[in-house]
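Single-structure report; data block below.
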Amino acid sequence: VKSALRDGLGRARSLLVLGGGSDIGIATAQRLVAAGTERVILAARAPDRLATVEAELRRQGATHVRRVEFDATGIEHHQELLARLFEEEGEVDVAVVAFGLLGPPGPRPAHRGAVEALTVNLVGAVSVLLPLVDQLTAQGHGDVVVLSSVASVRPRPANLVYGSSKAGLDAFCLGLADSLAGTGVNLVLVRPGRVATKMTAHLRPTPFTAAPEAVAAAIERGLRDGARIVWVPPAVRLVAFALEWLPRSVLRRLR
Amino acid sequence: MVLADRPSDVAAGVPMLLQGWGRLRPTAAMVSRPERPADVAELLMSAGRRGTLARGLGRSYGDEAQNAGGRVLDMTRLRRVLEFDRGKGLIHVEAGLDLASLLRYVVPEGWFLPVSPGTRFVTIGGAIANDVHGKNHHVDGGFARHVRSISLLTPAYGIQRVGPDRQPEIFWATAGGLGLTGIILDATLQLLPIQTSWMHVGTEQAWDLDDLLERLANRAAAHRYAVAWIDCLAHGRRLGRGIVDSAEHATPDDLRGPAGTALTFRPRTYLTVPFTSPVCMAQTPTCRAFNAGRLLLSWARPQLTLTQAARFFFPLDAIGGWNRLYGRQGFIQYQLAVPSSATGVLEAIVETIATQRRATALAVVKRLGEGGPMLSFPIPGWTLSIDLPAAQPGLGRLLDEFDAMVAAAGGRVYLGKDARVRRAAFEAMYPELPEWLELRQQLDPAQVLRSDMARRLGLVG
């Protein structure tokens with residue numbers, strides 16, 4: 001039986017992770033499978049490398065795990081890929097958009113890297129979100145989880161590329177979420193602070209650094225509560241507030 | 001069956017968010033409100049790939065009456081009384097008629113519902129599709145036992161007249177069949193004769209769970225109606241304390257009032273909850289005090305009282321929208337049935353709920369008699385229902401554990417209340433599921449009839 005439906009307590013039966021190789025994507029899949037999710041689709045750039053992840057998910061109780069190749073920059077294939085996945089896999093209760101690049105740092109980033117990060121983080125995400133939302137509204141229910149960032153609140157010179165790409169995505173998602181009222185589909189926008197992942201491994205540590213598992217736990221809670229915005233850890237909400245109100249003269253000096 | 005002369009939205013439906021009485025997460029569907037049986041047939045046959053489902057007043061608690069992304073037929077316009085034999089108490093009504101309207105119509109003539117669920121705001125179709133039970137199941141069985149025949153619209157055979165003596169297997173697959181074997185268009189029901197609309201109610205107090213179950217069993221053995229109410233906020237030595245009510249329909253001799261009011265049914269809704277409270281209001285210290293007060297009051301009051309039938313059968317209907325009191329995130333009503341010998345399961349569940357301070361104000365225990373076949377919920381023994389706010393952390397896991405205990409004891413959970421049972425547990429609880437699935441396959445081979453619950457439990461592909 002392919003069909004599935006999130007139950008009354010918000011427990012998803014089937015999960016699609018776009019960016020299924022990302023640390024947050026994997027942690028979220030593991031968290032939801034531990035809570036009872038039975039079917040998982042991992043869409044990743046290198047699905048071959050996820051054999052151990054698949055084995056782990058099966059060990060935790062997933063009855064069906066599928067790995068598919070997915071390239072966030074392959075924009076012309078996105079619509080077709082999602083249509084095919086929904087057709088072949090039946091219903092999707094929760095879809096997580098978890099891919100992203102940090103991009104080059106600093107106020108004068110390398111041109112190529114900057115464009116690539118914006119293409120993945122913003123254009124690629126919008127390109128999957130549009131057909132994804134079409135599929136979910138057609139089935140009349142579902143959740144979309146989008147990984148934004150605290151950095152989206154106010155990009156600084158130090159993270160110009162990453163912050164602005166997430167700012168664009170964040171703004172898009174806020175509007176998209178409002179458009180979903182009355183459709184049975186909910187969009188959960190996740191704004192983590194620094195998360196200790198492959199993407200940030202080379203950076204020097206900062207306060208409020210969260211583990212991918214903590215982000216996954218927050219996502220699970222957000223899904224249960226039907227949240228609109230999830231801050232991880234919750235304290236970064238205060239950081240965001242401070243960033244928003246800091247005078248420019250101070251902000252531009254922040255590293 | 002041409003719909004062209006009517007506004008197009010009647011045929012296409014209006015997009016709406018639908019949720020159950022538990023106010024859990026809604027899903028979206030296109031809702032149509034057919035006015036004639038012919039409209040229903042037309043709408044059923046023109047369903048898209050996400051299918052069609054009939055819905056009544058939306059009193060099932062979970063996802064039974066929702067069909068995400070598909071079509072939902074709001075049946076409440078089909079509410080005519082087609083025929084009423086006042087001598088025999090046989091009434092033929094359309095499926096969208098609600099029990100409150102039915103009672104207003106038949107009580108003055110000296111008839112009553114043979115089975116009254118906890119609310120009068122359900123439709124006849126919904127009552128059959130859930131084979132609802134009342135406080136008299138140990139004597140009279142479920143609702144479907146009193147149905148003589150129904151008109152059932154199925155995708156395979158069109159409209160058929162079925163009943164306990166006409167194609168009984170189709171009838172019994174439909175009783176408790178969650179609306180997935182066909183759409184019930186109308187039904188003929190055998191009513192219960194009454195002499196007055198009053199109830200003669202006996203009340204006694206129980207100070208722990210063993211005491212309560214024993215008193216309930218004794219009361220049920222001697223009376224048509226029996227129900228026990230557990231104060232779920234009490235724990236420790238007082239665990240399972242509560243009140244046991246038993247009742248009979250009062251005779252004119254019992255009445256002291258004027259004879260003119262002997263047969264009336266004019267229930268009132270005293271108060272309507274105006275908005276959904278952000279948090280659950282049913283677990284507060286105020287509630288604890290209220291429960292204790294209620295228990296003491298019942299102790300001080302006379303042991304035998306006369307009560308209007310509406311108040312005895314439908315106490316919660318006096319507060320409109322009481323489900324809003326459970327907070328923004330809604331609630332689960334966990335209702336289980338176990339065989340008479342499995343009192344240990346009841347005890348374990350009540351104790352866990354009470355010591356973890358999870359339950360809301362009250363839980364209800366009733367006796368059950370012989371039930372219907374297939375997916376009909378009741379089995380001989382006990383039934384317990386507890387309201388639990390959905391926002392509680394860890395609730396899903398806890399209820400999964402309860403399911404395992406209930407299934408191991410040969411019991412089951414009530415699908416009319418369910419929003420979360422796991423497929424494997426459900427299959428263990430309803431051993432006649434394969435037969436039911438086979439019948440459903442016959443009646444609806446293309447799986448036109450679909451619901452969120454059907455998808456969740458794997459009843460449709």
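Throughout, a chain's letter reflects where its sequence line sits, starting with A, and its residues are numbered from 1.
- More than 12 heavy atoms of other shown residues, nucleotides or ligands fall within 6.0 angstrom of atom CZ in A/R58.
- Neither the backbone nor the side chain of B/P15 comes within less than 4.5 Å of any heavy atom of chain A.
- The neighbour count for B/R49 CZ, taken as heavy atoms of other residues, nucleotides or ligands under 6.0 Å away, does not exceed 12.
- Proximity to chain A (any heavy atom under 4.5 Å) is restricted, for B/I332, to the side chain, taken from C-beta onward.
- When the shell of 6.0 Å around CZ of A/R237 is examined, it contains 12 or fewer heavy atoms from other residues, nucleotides or ligands.
- Proximity to chain A (any heavy atom under 4.5 Å) is shown, for B/D418, by neither the backbone nor the side chain.
- Heavy-atom minimum distance, A/L9 versus B/G396: CD1-CA, 3.5 Å.
- Evaluation of the salt bridge (charged side-chain N to carboxylate O under 4.0 Å, His left out) rule for A/R191 yields A/D170 as partners, not counting sequence neighbours.
- No more than 12 heavy atoms of other residues, nucleotides or ligands lie within 6.0 Å of CE in B/M16, so this atom counts as exposed by the packing criterion.
- At a 4.5 Å heavy-atom cutoff, B/R23 makes no contact with chain A through either its backbone or its side chain.
- Smallest separation of non-hydrogen atoms from B/A28 and A/G182: CB-O, 4.0 Å.
- In this structure, A/L223 CG and B/R25 CZ are separated by 8.5 Å, a value rounded to the nearest 0.5 Å.
- Applying the 6.0 Å contact sphere to CD of B/Q356 captures more than 12 heavy atoms from other residues, nucleotides or ligands.
- Within the 4.5 angstrom heavy-atom criterion, atoms from both the backbone and the side chain of B/A390 approach chain A.
- The local environment of CD in B/E438 is sparse, with at most 12 non-hydrogen atoms from other residues, nucleotides or ligands closer than 6.0 Å.
- In this structure, B/D400 and A/R11 have side chains that are in contact, with non-hydrogen atoms separated by less than 4.5 Å.
- A/R66 CZ: more than 12 foreign heavy atoms inside a 6.0 Å radius.
- Between the CE atom in B/M453 and the CG atom in A/D7 there is a gap of 10.5 Å [rounded to 0.5 Å].
- The CG atom of B/N67 lies 10.0 Å from the NE2 atom of A/H141; values are rounded to the nearest 0.5 Å.
- Closest approach of B/R50 to A/Q139, counting heavy atoms only: NH2-O, 3.0 Å.
- Counting heavy-atom neighbours within 6.0 Å of B/E435 CD, excluding the residue itself, gives a total above 12.
- Between A/R13 and B/R422, some side-chain heavy-atom pair lies under the 4.5 Å cut-off.
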